[in-house]
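Okay, so here's the structure we're looking at.
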Amino acid sequence: MALERLDKILSGTGRWSRREVKDLVKAGRVTADGAVVARPEDKFDREAVELRVDGEAVDGERYCYLMLHKPGGVLSATEDPKQPTVLDLLPPHLRRVGLFPVGRLDKDTEGLLLLTNDGPLGHRLLAPKKHVDKVYFVRVEGRLDQEDRRAFRTGMVLGDGLRCLPAELEVLEPPDTGLLTLREGKYHQVKRMLASRGKPVTYLKRLSMGPLRLDPELAPGAWRPLTQGERQELERLR
């Protein structure tokens, strides 16, 4: 059982600074397992204690995991001086807990994006040796066909020398659309692969990443915490 200071646990949620936590405790507004906390330096097991501020339960878990439906026109970055980023879509308290996007989607690409402050998990999801599947819905200029499907399945070598792992392409109706499954995530890879086939991408949306599936109830720009089941699925990738 690891004990941590109350001010560290509460400030880690991003909702209060350590100074503000001190003031909350002084005013008697913080309880731990029903008892008013006397000092901000008092230590607790964040996984076991029930913390409340003004009677409202506070999640003191170490890491945060959010599913975001990334809209077009937003950067997959933590900050940018000129353009909006995915963190700008979150409320202020969640921008202060060290969240970062796991992998990136191009500015004009939509779809599933995982935001977390769990660095080890993010590293494992992106590690090349893990080959975590990513599924995209794609629309192109022209028509996708079985020759494209065979080229993707074989493993393409692009004009700049990039060797792509074998990928799966399912041609949909109308035939300018398809589902593409990649097991890697090189820079602009989907667009580069399809451009090499003479079929530039006009729309791209990520539907899944490993065990995570984009929640159809999430509108572009909306987000939600991962469910317990989704988090357990991710844990299996560690």
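- With a 4.5 Å cut-off on side-chain heavy atoms, Leu144 and Pro175 do not count as touching.
- Between atom CD of residue Glu170 and atom CZ of residue Arg149 there is a gap of 8.5 Å, rounded to the nearest 0.5 Å.
- In this structure, Glu79 places its CD atom where only 12 or fewer heavy-atom neighbours from other residues, nucleotides or ligands lie under 6.0 Å away.
- Side chain of Lys70 to backbone of Ser76: no donor-acceptor contact under 3.5 angstrom is found.
- A salt bridge does not link Lys43 with Glu4: none of the charged nitrogens is closer than 4.0 Å to a carboxylate oxygen.
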Exercise. Given the rule in the side chain to side chain contact (heavy atoms under 4.5 Å, CB included) test, do Met193 and Phe152 qualify, once you have shown the distances and angles that lead to the verdict?
Worked result: CA-CA 8 Å; Met193 292 173 79; Phe152 276 81; 3.4 Å; yes

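- The heavy-atom pair separating Cys64 from Thr116 by the smallest distance is O-OG1, 2.8 Å.
- Checked against side-chain hydrogen bond (donor to acceptor under 3.5 Å, both in side chains), Arg18 has no partners two or more places apart in sequence or in another chain.
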For this session: Check the pair Asp145 / Lys199 against salt bridge (Lys or Arg N to Asp or Glu O under 4.0 Å), numbers first and verdict last.
Result: CA-CA 11 Å; Asp145 55 33; Lys199 298 167 185 182; 3.4 Å; yes

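- Hydrophobic clustering keeps Leu207 apart from Leu169 (ILVMFWY residues linked when any side-chain heavy atoms are closer than 4.5 Å, directly or through intermediates).
- Applying the salt bridge (Lys or Arg N to Asp or Glu O under 4.0 Å) definition to pairs two or more places apart or across chains, those involving residues 24-34 are Arg29-Asp54.
- In terms of heavy-atom proximity, Leu125 sits nearest to Met209 at CB-CE, 4.1 Å.
- Dense packing is recorded around NZ of Lys191, with more than 12 heavy atoms of other residues, nucleotides or ligands lying under 6.0 Å away.
- Between Arg19 and Asp23 there is a salt bridge, with a side-chain nitrogen of the basic residue lying less than 4.0 Å from a carboxylate oxygen of the acidic one.
- Minimum interatomic distance between Arg231 and Tyr65 (heavy atoms only, all atoms of both residues): NE-CD1, 3.7 Å.
- Here Lys205 pairs with nothing under the side-chain hydrogen bond (donor to acceptor under 3.5 Å, both in side chains) rule; sequence neighbours left out.
- Under a 4.0 Å N-O distance rule, the pair Arg143/Asp176 does not qualify as a salt bridge.
- Expressed to the nearest 0.5 Å, how far CZ of Arg46 lies from CZ of Arg5 amounts to 13.0 Å.
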Show which side-chain atoms of residues 132-141 pair as donor or acceptor with protein atoms under 3.5 Å away, not counting sequence neighbours.
| residue | atom | partner | partner atom | Å |
| --- | --- | --- | --- | --- |
| Asp133 | OD1 | Arg183 | NE | 3.4 |
| Lys134 | NZ | Val132 | O | 3.1 |

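- Under a hydrophobic clustering in which Ile, Leu, Val, Met, Phe, Trp and Tyr are joined whenever their side-chain heavy atoms come within less than 4.5 Å, directly or via other members, Leu114 and Phe100 fall into the same cluster.
- Applying the salt bridge (charged side-chain N to carboxylate O under 4.0 Å, His left out) criterion to Glu173, with sequence neighbours excluded, gives no partner residue.
- A salt bridge does not link Arg124 with Asp118: every distance from a Lys NZ or Arg NE/NH1/NH2 to an Asp or Glu carboxylate oxygen is 4.0 Å or more.
- The closest donor-acceptor contact from the side chain of His69 to the backbone of Gly221 lies at 3.5 Å or more, if one exists at all.
- At a threshold of 4.5 Å between side-chain heavy atoms, the hydrophobic network of Ile, Leu, Val, Met, Phe, Trp and Tyr places Leu162 and Met156 in one connected group.
- The side-chain hydrogen bond (donor to acceptor under 3.5 Å, both in side chains) search around Gln232 returns none, not counting sequence neighbours.
- Using a 4.5 Å cut-off on side-chain heavy atoms (C-beta onward), Leu66 and Leu94 make contact.
- The structure places CD of Glu233 at 9.0 Å from CD of Glu230, a figure rounded to the nearest 0.5 Å.
- Note that CG of Leu180 and CG of Leu194 are 6.5 Å apart. Values are rounded to the nearest 0.5 Å.
- When all heavy atoms are compared, the tightest approach of Pro84 to Gly73 is CG-O, 3.9 Å.
- The nearest pair of heavy atoms linking Ala167 to Leu182 is CB-CD2, 3.6 Å.
- Through direct or indirect side-chain contacts shorter than 4.5 Å among Ile, Leu, Val, Met, Phe, Trp and Tyr, Val21 is connected to Leu6, Ile9, Leu10, Trp16, Leu24, Val25, Val30, Val37, Phe44, Val49, Leu51, Val53, Val58.
- With rounding to the nearest 0.5 Å, the separation of CG in Leu179 from OG1 in Thr177 is 8.0 Å.
- Among residue pairs with one or both ends in residues 207-216, those qualifying as side chain to side chain donor-acceptor pair (under 3.5 Å) are Asp215-Arg224; sequence neighbours excluded.
- Using a cut-off of 4.0 Å between Lys/Arg side-chain N and Asp/Glu carboxylate O, Arg52 and Glu50 are scored as salt-bridged.
- Leu234 and Leu218 fall within a single hydrophobic cluster, where Ile, Leu, Val, Met, Phe, Trp and Tyr are joined by side-chain heavy atoms under 4.5 Å apart, directly or via other members.
- Residues forming a side chain to side chain contact (heavy atoms under 4.5 Å, CB included) with Arg163 (at least two apart in sequence, or on another chain): Val157.
- In this model, a donor atom of one side chain and an acceptor atom of the other lie less than 3.5 Å apart for Glu110 and Tyr203.
- The CG atom of Leu105 sits 4.0 Å away from the CZ atom of Arg206 when rounded to the nearest 0.5 Å.
- Leu99 and Asn117 get closest at one heavy-atom pair: CD2-N, 3.6 Å.
- Looking at Cys164 and Leu158, their side chains come closer than 4.5 Å, going by heavy atoms from C-beta outward.
- Membership of an apolar cluster is not assigned to Leu165, as no side-chain contact below 4.5 Å to another ILVMFWY residue is traced.
- Sequence neighbours left out, the pairs with a member in residues 94-104 that pass salt bridge (Lys or Arg N to Asp or Glu O under 4.0 Å) are Arg104-Asp106.
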For a quick test of your reading: what N or O donor-acceptor pairs under 3.5 Å do the side chains of residues 85-93 make, sequence neighbours left out?
| residue | atom | partner | partner atom | Å |
| --- | --- | --- | --- | --- |
| Thr85 | OG1 | Ala77 | O | 3.4 |
| Thr85 | OG1 | Leu87 | N | 3.3 |
| Asp88 | OD2 | Thr85 | N | 2.9 |

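- Put simply, Leu226 and Leu214 are part of the same group of oily side chains (I, L, V, M, F, W, Y) that touch within less than 4.5 Å, one to the next.
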